[in-house]
Trainee: 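Dropping a structure here in structure tokens format, bear with me for questions.
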Amino acid sequence: MMAEKYWLVKTEPSVYSIDDLRRDGETLWDRVRNHQAKLFLRDGMQPGDACFIYHSNAHPTGVVGVAVVMGVAVADPTQFEKGTDGFEPRATREAAVWWARRLKWKGRFAACVELAALRNEPKLAGMRLLARGNRLSVMPVEKFEFHCIEQMAKA
DNA sequence: GCCAACGTTGGC
DNA sequence: GCCAACGTTGGC
């Protein structure tokens, strides 16, 4: 399936890394607790879209691989888990507040495309990830940016 | 560990 | 609805 749109999701590798995704093959990308990121997960992503995996709070930080978006959005099950961080008292089974998507492992880059390298690439100057103050954990990536980073990974 | 930047909460 | 206080993210 040809990817229609391109995305990037952040994860702290000490919590869940690209290697965890490779081991699992597929995972539910849940625990996103920002409304803008939620809308991208729920309404923006479509099956077959390509998604970078980005390691944050890590050594090194950067883009480490690619996943594929699977299926439709599902209510994030962690919002119903009373007594946990993810619990969302406003959520009901009929009206979920937070949403998640299944992501399937596609590949891991031979080397992390580091944040500093992204910042040094003039073609990526407008990339949302690099915008001042950006903290989104799920965000769109332009097609040309996606291909540019894939090329950087091969270099 | 520090801290800049941003998001959320809650008093009014 | 405003906005100060607080919490979180995430690079360094």
Side-chain angles (χ1 to χ4, degrees), chain A residues 5-24 27-45 49-67 69 73-103 105-142 144-155:
Chain A
K5 288 191 264 180
Y6 300 86
W7 304 94
L8 179 147
V9 297
K10 295 180 185 173
T11 182
E12 299 194 17
S14 62
V15 177
Y16 195 85
S17 73
I18 184 77
D19 289 326
D20 293 325
L21 181 58
R22 176 162 58 181
R23 178 199 65 211
D24 295 346
T27 197
L28 187 65
W29 208 263
D30 57 8
R31 302 184 182 280
V32 171
R33 291 294 183 273
N34 169 281
H35 287 288
Q36 203 176 353
K38 171 200 76 177
L39 292 175
F40 288 137
L41 271 181
R42 190 187 68 185
D43 305 334
M45 287 182 172
D49 286 355
C51 184
F52 280 142
I53 304 294
Y54 178 93
H55 280 176
S56 63
N57 266 318
H59 301 288
T61 83
V63 180
V64 290
V66 181
V69 174
V74 297
D76 181 341
T78 66
Q79 74 195 301
F80 303 118
E81 294 172 358
K82 275 189 184 142
T84 69
D85 295 358
F87 182 63
E88 172 54 74
R90 293 169 289 195
T92 65
R93 297 283 173 182
E94 296 73 28
V97 175
W98 304 113
W99 294 79
R101 280 276 182 171
R102 294 204 75 78
L103 296 182
W105 186 79
K106 182 169 182 195
R108 189 205 150 108
F109 293 154
C112 175
V113 180
E114 296 188 28
L115 179 60
L118 299 176
R119 290 201 185 282
N120 281 334
E121 173 49 63
K123 289 178 193 161
L124 301 178
M127 198 177 174
R128 190 167 189 154
L129 174 74
L130 306 179
R132 178 180 170 81
N134 174 62
R135 293 193 323 191
L136 276 178
S137 64
V138 179
M139 75 191 83
V141 174
E142 296 296 330
F144 79 91
E145 295 167 342
F146 195 92
H147 291 314
C148 177
I149 292 168
E150 282 191 317
Q151 287 306 309
M152 292 169 77
K154 288 178 193 166

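Per chain, numbering begins at 1; letters A, B, ... match sequence-line order.
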Trainee: According to a strict under-4.0 Å criterion, is A/Tyr54 in side-chain N/O contact with OP1 or OP2 of C/dG11?
Mentor: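 A/Tyr54 to C/dG11 OP1/OP2: side-chain N or O found under 4.0 Å.
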Trainee: Can you check the A/Asp85 CG to B/dT8 P distance for me, whole Å?
Mentor: 17 Å
Trainee: Of A/Asn57 and A/Arg132, whose closest DNA chain B nucleotide lies nearer the 5' terminus?
Mentor: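 By nearest-heavy-atom nucleotide position, the 5'-most residue is A/Asn57.
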Trainee: Nearest-Å distance, CD (A/Glu88) to P (B/dT9)?
Mentor: 8 Å
Trainee: For the pair A/Arg119 (side chain) and A/Leu130 (backbone), establish whether a donor and an acceptor sit closer than 3.5 Å, ignoring hydrogens and angles.
Mentor: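 Present.
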Trainee: Indicate, yes or no, whether a donor-acceptor pair under 3.5 Å links the base of C/dT8 to the side chain of A/Arg135.
Mentor: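 Check passes, donor-acceptor contact within cut-off.
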Trainee: Any ion pair linking A/Asp76 and A/Arg33 (charged N to carboxylate O, less than 4.0 Å)?
Mentor: yes
Trainee: Separation of A/Gln36 atom CD from B/dA5 atom C1', in whole Å?
Mentor: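 Rounded to whole Å, this separation is 15 Å.
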Trainee: Figure out the CH2/P separation between A/Trp98 and B/dG7, and round it to whole Å.
Mentor: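 Interatomic distance, CH2 of A/Trp98 to P of B/dG7: 12 Å.
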Trainee: Which heavy atom in A/Leu28 sits nearest to a heavy atom in A/Pro77, and how many Å separate them?
Mentor: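 Reported closest heavy-atom pair: CD2-CD, 3.6 Å.
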Trainee: I need the CD-C1' distance between A/Glu12 and C/dT8, as an integer number of Å.
Mentor: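 One finds 10 Å between C1' of C/dT8 and CD of A/Glu12, rounded.
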Trainee: In this structure, how many angstroms lie between the P atom of C/dG10 and the CD atom of A/Glu114, rounded?
Mentor: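 Atom CD in A/Glu114 sits about 18 Å away from atom P in C/dG10.
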Trainee: OP1 or OP2 of C/dG10 sitting under 4.0 Å from any side-chain N/O of A/Lys10?
Mentor: yes
Trainee: How many whole angstroms separate atom CG of A/Leu130 from atom P of C/dC12?
Mentor: 11 Å
Trainee: Go through it in stages, so that I can follow the logic: the residues are A/Tyr16 and A/Asp24, the test is side chain to side chain contact (heavy atoms under 4.5 Å, CB included), and I'd like the CA-CA distance, side-chain angles, deciding distance and then a yes or no.
Mentor: CA-CA 11 Å; A/Tyr16 195 85; A/Asp24 295 346; 2.6 Å; yes
Trainee: Rounded to whole Å, please give me the gap between CZ in A/Arg33 and C1' in B/dC6.
Mentor: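 About 19 Å, once rounded to whole Å.
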